[in-house]
Undergrad: 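Below: one structure in C-alpha cells.
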Amino acid sequence: MAVDIIQGYTLVKDGVNKWRIPKFGKMRVDAVVYVNDSLKELLRDDQSLRQLVNAASLPGVVEPVIGMPDIHEGFGLPIGGVMAIEEKGVISAGAVGYDINCGVRLIRSDLEADYFTKDILYKLIERIEHYVPTGIGKKGRHKGITRVIFDDVVHNGVEAVIKAGFGKKSDLEYIEEGGKLEGADISAVSEEAQERGEEQLGTLGGGNHFIEIQKVEEILEENLAEKFGLFKGQLAVMIHTGSRGFGHQIATDYTKILWEAAKRYGIEVPEKGLAAAPIKSKEGQNYYKAMAAAVNFAFSNRQIIMFDVIRAFEDVLKKSEEEMGFKLVYDVAHNIAKWEVHGGKRMLVHRKGATRALPAGHPQNPPSYRDTGHPALIPGSMGTGSYVVVGTEKAAETFYSVNHGAGRRLSRNQAKKISKEEFERSMGDVVYNVRSYKDIVDESPLAYKDVETVVSVFEERGITIPVAKLIPLAVVKGAD
DNA sequence: ATGTCC
C-alpha cells in the first residue's frame with residue numbers, strides 16, 4: 001500500500017491517480033485528491049490539502065471532499081475543490097468562491113483557422129476590444145439597456161438578455177441549466193451589489209478572464225467531436241469570465257453574514273473562508289438566492305459578450321453571422337453550488353474551480369447532449385491548449401465533476417518575477433492585446449501547470465474522454 | 001476573482 005506524507009497529512013494511494021486522506025480529528029469524512037506523481041509534488045508547498053481537510057469537518061458533508069488535478073489553495077475551499085452537503089447540512093460562500101459562476105463558453109464556426117493571418121487577428125482583437133470593455137472596474141457598453149433588464153436578468157437568466165436582442169432563443173439549449181439557476185431573488189442582494197452589477201453586464205474583467213480566438217488543433221474522439229460540431233482546423237472562440245463586481249460583492253457580503261451566523265448556530269468553522277450556515281437557515285437561504293442571482297448574471301454576461309464578439313467578426317470579415325456559421329457549443333459554470341441527486345440522495349454540490357461533466361444518458365444533460373454527455377470545457381493558460389472533454393459513468397465518484405483548467409503553479413506574486421523575455425517566449429506566436437507585459441505577466445503560461453498532464457489524470461482514470469484540443473491564435477485580456 | 005483598502 002503506497003503512502004505519502006504531505007504537509008503533515010497521510011495520503012494513501014487508492015487506485016490510479018487517486019490519493020485518500022482517511023478521516024481523523026474533526027473530519028467527518030475522508031478527503032480525496034486526484035493527482036499523478038508530478039502534480040502531487042506541487043502540493044508540498046501549498047495549503048490546499050489543509051483546506052480540503054478543514055472542509056471535511058463541516059456539518060452535513062458527504063463522503064468524500066474532493067480535490068481536482070488542478071487544485072491549488074484558495075480562500076476557504078481550494079480552487080479545484082468539490083464539496084457535497086446533504087440537506088440538513090450547511091452552505092458556504094467560500095466554497096463557491098468570490099467569482100460566482102466564473103465559467104467558460106465555447107463558440108464554433110464554419111471558418112478555417114488557417115485563413116486568419118496575424119494581420120486579421122490583430123484587427124479582430126482590436127475590434128473585440130472596441131465592443132467588449134476589459135479590465136477591472138469597467139462599465140458595460142450596453143449599460144443603458146442592461147439597467148432596464150437587470151431585474152429580469154437576475155431572476156430569469158439568459159432568456160432575459162435574449163429577449164433584449166442578444167442572441168437567439170436556441171442558445172438556451174447550449175448553456176448549463178438552460179442559462180438560469182432556479183431560486184434567484186434580488187431581495188437577498190445588497191444595494192451595493194446591485195449598483196455594481198447593473199452597469200457591469202457585458203464586461204470581461206481582469207485576472208484570468210479572457211476572450212480567445214482558437215483553432216481546433218486535434219480531434220481526439222471523432223464521433224463525439226462530430227456531434228459537438230467540431231472539426232480539425234476549425235476556428236472557434238472561447239470566453240472565460242464570471243459575475244464581475246456583482247458576484248464579488250455578494251460573496252463579500254455573505255462571507256461576513258455566514259461567519260456571524262455560524263457563531264449563532266454554534267457551527268464550528270475552521271477558517272473564515274469556510275464561513276457556513278445551515279442550508280435551511282434564513283442566512284443560508286438568502287445566500288443561495290443571492291448566489292443564484294449572480295449565477296444568472298454571469299451566464300448572461302457571457303451571452304452578451306458572445307453577441308459582441310460576433311459583431312466584431314462581422315465588422316472585420318464583412319460577413320454575416322450566418323455566413324460565418326457561429327454557433328454556441330456550450331457554456332459551463334466553474335464556481336457554483338447546485339442541488340443535485342447522487343446515489344439517490346439530494347445534496348448541494350459546491351464546485352469551486354471544477355466543472356460538472358455528466359455522462360451520456362444522464363437525465364440532467366440538456367436535450368441537445370442527452371445521448372453524448374455535455375461538453376465540459378477546460379481552458380489551459382493563454383499560451384497553451386484548451387480541451388473539450390466529456391464525463392463517463394465513472395465520474396460518479398467525483399459527483400460528476402472534473403478539473404476546470406490547468407491550475408496555477410505560481411502565485412500571482414511569484415509570477416510577477418517572470419522576465420519580459422521569458423514571458424514573450426512563453427507566448428510563442430499567440431497574438432495578444434495587452435501592450436505592457438507587466439499587466440499580464442502573472443497570467444503567463446509559466447505561471448500555470450501543464451494542462452496536458454492535468455487533463456491526463458482523469459483520462460487515465462477513465463473519468464473523462466478527451467474530445468478535442470484547441471490552441472490559441474489570439475487572446476484578449478483585461479489589464480488590471 | 002475584485003471600483004486589488006471606505
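Letters A, B, ... are given to chains in the order of the sequence lines, protein chains preceding strands, and every chain is numbered from 1.
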Undergrad: Just the rounded figure in Å: distance from P of B:dT4 to NE2 of A:H248.
TA: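 It is 9 Å, rounded to the nearest whole Å.
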Undergrad: Check the pair A:E424 / A:K420 against salt bridge (charged side-chain N to carboxylate O under 4.0 Å, His left out), numbers first and verdict last.
TA: CA-CA 6 Å; A:E424 284 175 353; A:K420 187 166 194 276; 3.2 Å; yes
Undergrad: Could you tell me whether A:Q200 contacts a base, only the sugar-phosphate backbone, or nothing, with contacts defined as non-hydrogen atoms closer than 4.0 Å?
TA: sugar-phosphate
Undergrad: Could you give the CG-to-C1' distance, from A:N101 to B:dT2, as a whole number of Å?
TA: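 In whole Å, B:dT2 C1' lies 16 Å from A:N101 CG.
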Undergrad: So A:G245, base contact, sugar-phosphate only, or nothing? Heavy-atom distance under 4.0 Å.
TA: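 Counting heavy atoms under 4.0 Å across all strands, the contact made by A:G245 is with sugar-phosphate only.
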Undergrad: Is the A:F458-A:Y387 ring centre distance short of 6.0 angstrom?
TA: no
Undergrad: CD of A:Q249 versus C1' of B:dT2: gap in Å, rounded?
TA: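 Computing the A:Q249:CD to B:dT2:C1' distance gives 9 Å.
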Undergrad: Please state how far atom NZ in A:K138 lies from atom P in B:dT2, giving the value in whole angstrom units.
TA: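 Result: 12 Å.
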Undergrad: Return the value, rounded to whole Å, for the distance between atom NZ of A:K416 and atom P of B:dT4.
TA: 14 Å
Undergrad: Can you name the one residue among A:H374, A:E177, A:E173 that meets side chain to side chain contact (heavy atoms under 4.5 Å, CB included) with A:P366?
TA: A:H374
Undergrad: Please state how far atom CD1 in A:I79 lies from atom P in B:dT2, giving the value in whole angstrom units.
TA: 13 Å
Undergrad: A:N413 CG to B:dT4 C1': how many Å, rounded?
TA: 11 Å
Undergrad: State which residues pass side-chain contact (heavy atoms from CB on, under 4.5 Å) with A:R311; sequence neighbours excluded, sorted by chain then number.
TA: A:Y131, A:F307, A:E314, A:E321
Undergrad: How many Å lie between CD on A:E443 and P on B:dT2, as a whole number?
TA: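 About 11 Å, once rounded to whole Å.
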